[in-house]
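Down below is the structure, laid out as structure tokens.
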Amino acid sequence: MKNVKDLQVKGKVVLARVDFNVPQKGGVISDNNRIVAALPTIKELIGKGAKVVLMSHLGKIKHKEAPEVVEEQKKKNNMAPVAVELAKLLPEAKVTFCADTRGEGLKAAVAALNDGDVLLVQNTRYEKGEEKNDPELSKEWASLADAFVMDAFGSAHRAHASTVGVPEILKGEGKQVAVGYLVQKEVEALRKVVEVPANRHPYVAILGGFKVSDKIKVIDSLVKKCDKVIIGGAMAYTFFKALGYEIGNSPREEDQLDYAKKMIATGKVMLPVDSVVADSFDNPQDIRIIDIAKDGVPAGFEGMDIGPKTREIYAAEIAKAKTVFWNGPMGVFEDDRFAAGTTAVCEACAKLEDAFTVIGGGDSASAAKKLGYKEKFSHVSTGGGASLEMIENDGHLPGIDVIGD
Ligand code: 3PG
Ligand code: MG
């Protein structure tokens with residue numbers, strides 16, 4: 001794959017797709033990790049004297065909703081505060097923001113760039129053609145650029161206009177397309193959990209978080225690649241239900257019960273043996289530890305974390321591993337009363353000395369950061385969905401394949 005460092009782009013307009021889908025509270029960025037992660041590529045382009053045009057999506061915009069709802073979503077997912085944060089991180093460059101996603105306003109903003117300037121464009125999802133990979137939209141965006149760099153690892157599983165449509169067109173026109181430093185680093189690290197040679201086993205995957213169906217295909221491919229797949233979080237309750245246990249008010253996905261049974265039958269799936277449950281998710285007052293197989297979750301209660309016995313069993317399994325992939329917390333870790341499970345698996349991974357350990361994005365990365373263990377992992381991916389799909393698709397993602405082939 002061509003890398004950003006190989007590009008000759010002095011005085012040229014380079015469209016770089018980044019993943020600036022970052023959390024914000026009241027117009028202030030609460031976690032700038034993804035912006036920081038894209039800086040090496042942006043600085044490389046500035047150093048080469050390119051005119052840098054950055055595009056990213058932010059949040060979700062459902063164009064099928066009523067116009068006033070769409071307007072509300074646009075307001076909530078305005079990219080302007082991200083430009084402010086980016087400007088702080090790049091004091092050496094002139095950073096501007098373009099509130100238009102296409103048309104004369106965008107063209108003029110690009111035309112106004114000098115070599116080494118950076119322009120951040122408004123949220124790509126303001127355009128309803130973005131998620132449909134609309135050819136007209138891709139054509140218009142491609143017409144602005146002399147070259148394209150893909151550095152949005154977190155969005156590389158989306159075949160959208162800004163991730164796939166634009167580089168396809170530019171490649172067809174014989175223009176330069178490349179991956180950035182972040183994508184390069186992510187791909188190199190994640191390939192090590194996609195293909196795991198015998199001497200890097202045991203390979204243990206840890207999956208948590210809310211939904212089974214979101215992660216369904218990945219469990220299937222993980223049981224083939226791994227020695228053990230450790231399950232925690234809300235998704236464990238669909239497995240418990242499949243086993244016929246009482247699960248109280250815990251979330252479950254009825255249409256995934258057969259699949260859960262099939263996964264259990266592989267003999268590789270480990271489920272919690274005890275659980276921390278509470279009488280309410282939003283305002284827990286009565287908190288209990290239960291033996292799920294013996295007692296089930298009491299009526300009116302729901303699962304909030306894995307229990308103390310499970311923590312020990314999981315930590316002991318992780319301690320044997322030479323390769324670990326972790327995606328999703330074991331419980332509602334944002335609340336200290338339900339953080340012990342996530343802390344235990346995080347600690348067990350952090351203690352491994354001769355192992356390759358990867359966190360697949362999102363909540364587990366925030367948990368590791370919050371607990372102070374982030375630096376102990378071999379790789380912390382900026383992409384949750386992207387890293388899962390990369391494993392599922394044996395190392396392939398549409399936004400990366402388009403650059404490579
Ligand atoms: C993410 O945060 O998962 C990526 O930025 C992709 O966002 P999406 O799931 O809304 O496509
Ligand atoms: Mg996502």
Side-chain angles (χ1 to χ4, degrees), residues 16-25 29-38 41 54-65 69-70 73-74 76-79 81-82 85-86 101 120-134 137-138 149-166 179-180 182-183 185-187 190 207-211 213-218 233 325-329 358-369 379-393 396-402:
R17 178 53 159 100
V18 288
D19 190 334
F20 285 175
N21 183 25
V22 291
Q24 46 174 320
K25 281 185 199 114
I29 310 305
S30 51
D31 181 349
N32 69 3
N33 267 336
R34 280 179 163 177
I35 307 175
V36 171
T41 291
L54 301 175
M55 282 192 180
S56 174
H57 75 284
L58 181 61
K60 312 250 189 217
I61 297 186
K62 299 192 179 100
H63 289 277
K64 284 198 181 116
E65 301 281 344
V69 177
V70 173
Q73 291 174 350
K74 284 187 176 176
K76 194 178 137 215
N77 294 304
N78 191 325
M79 191 67 84
V82 178
E85 181 70 17
L86 179 66
T101 40
L120 177 62
V121 180
Q122 181 59 279
N123 186 354
T124 53
R125 287 189 183 166
Y126 274 30
E127 293 295 333
K128 72 167 178 285
E130 159 73 331
E131 292 193 60
K132 293 186 190 137
N133 191 5
D134 175 63
L137 179 63
S138 300
V149 172
M150 174 58 175
D151 212 23
F153 180 75
S155 316
H157 58 314
R158 307 289 184 212
H160 294 170
S162 66
T163 53
V164 168
V166 173
V179 295
L182 173 62
V183 163
K185 186 171 92 182
E186 293 266 17
V187 169
L190 284 159
L207 284 185
F210 200 69
K211 283 188 181 170
S213 55
D214 264 6
K215 299 183 181 175
I216 208 150
K217 282 188 252 142
V218 83
F325 175 76
W326 174 29
N327 178 288
V358 173
I359 299 184
D363 287 338
S364 8
S366 319
K369 193 175 173 186
H379 182 72
V380 180
S381 176
T382 53
S387 62
L388 288 169
E389 284 197 29
M390 179 125 183
I391 293 176
E392 220 172 282
N393 303 331
H396 293 282
L397 291 177
I400 293 168
D401 290 354
V402 66

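When a ligand or atom number is given, it counts from 1 through the structure's own listing order. These numbers come from the heavy atoms of this one structure, side chains and all, not from hydrogens, waters or symmetry mates.
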* If you count the non-hydrogen atoms of other residues, nucleotides and ligands that lie under 6.0 Å from NZ in Lys185, is the total more than 12? -> no
* Asked: Counting both backbone and side chain atoms, is some N or O of His157 under 3.5 Å from an N or O of ligand 1?
  -> no
* Structure fact -> Under 4.0 Å from one or more heavy atoms of Lys60, ligand 1 contributes atoms 8 (P), 9 (O), 10 (O)
* Any atoms of ligand 1 less than 4.0 Å from a non-hydrogen atom of Arg34? List them with their elements. => 1 (C), 2 (O), 4 (C), 5 (O)
* Just by distance, do the side chain of Arg34 and the backbone of Asn21 share a donor-acceptor pair under 3.5 Å? -> yes
* Asked: Does ligand 1 have any atom sitting under 4.0 Å from a heavy atom of Arg125?
  -> yes
* **Partner residues of Ser381 under the side-chain hydrogen bond (donor to acceptor under 3.5 Å, both in side chains) criterion, sequence neighbours left out** => Glu186
* Pairing of Arg125 and Glu131 as salt bridge, 4.0 angstrom limit -> yes
* Residues in side-chain contact (heavy atoms from CB on, under 4.5 Å) with Ala16, at least two apart? -> Leu45, Leu54, Val149
* **Atoms of ligand 1 close to Arg158 [distance to a heavy atom under 4.0 angstrom, numbered from 1]** => 8 (P), 9 (O), 11 (O)
* Atom indices of ligand 1 within 4.0 angstrom of Asp19 heavy atoms, with elements -> 4 (C), 5 (O)
* ligand 1 contacted by Gly154 (non-hydrogen, < 4.0 Å) -> yes
* Does one side chain, of Ser162 or Arg17, offer a donor that lies under 3.5 Å from an acceptor on the other? -> yes
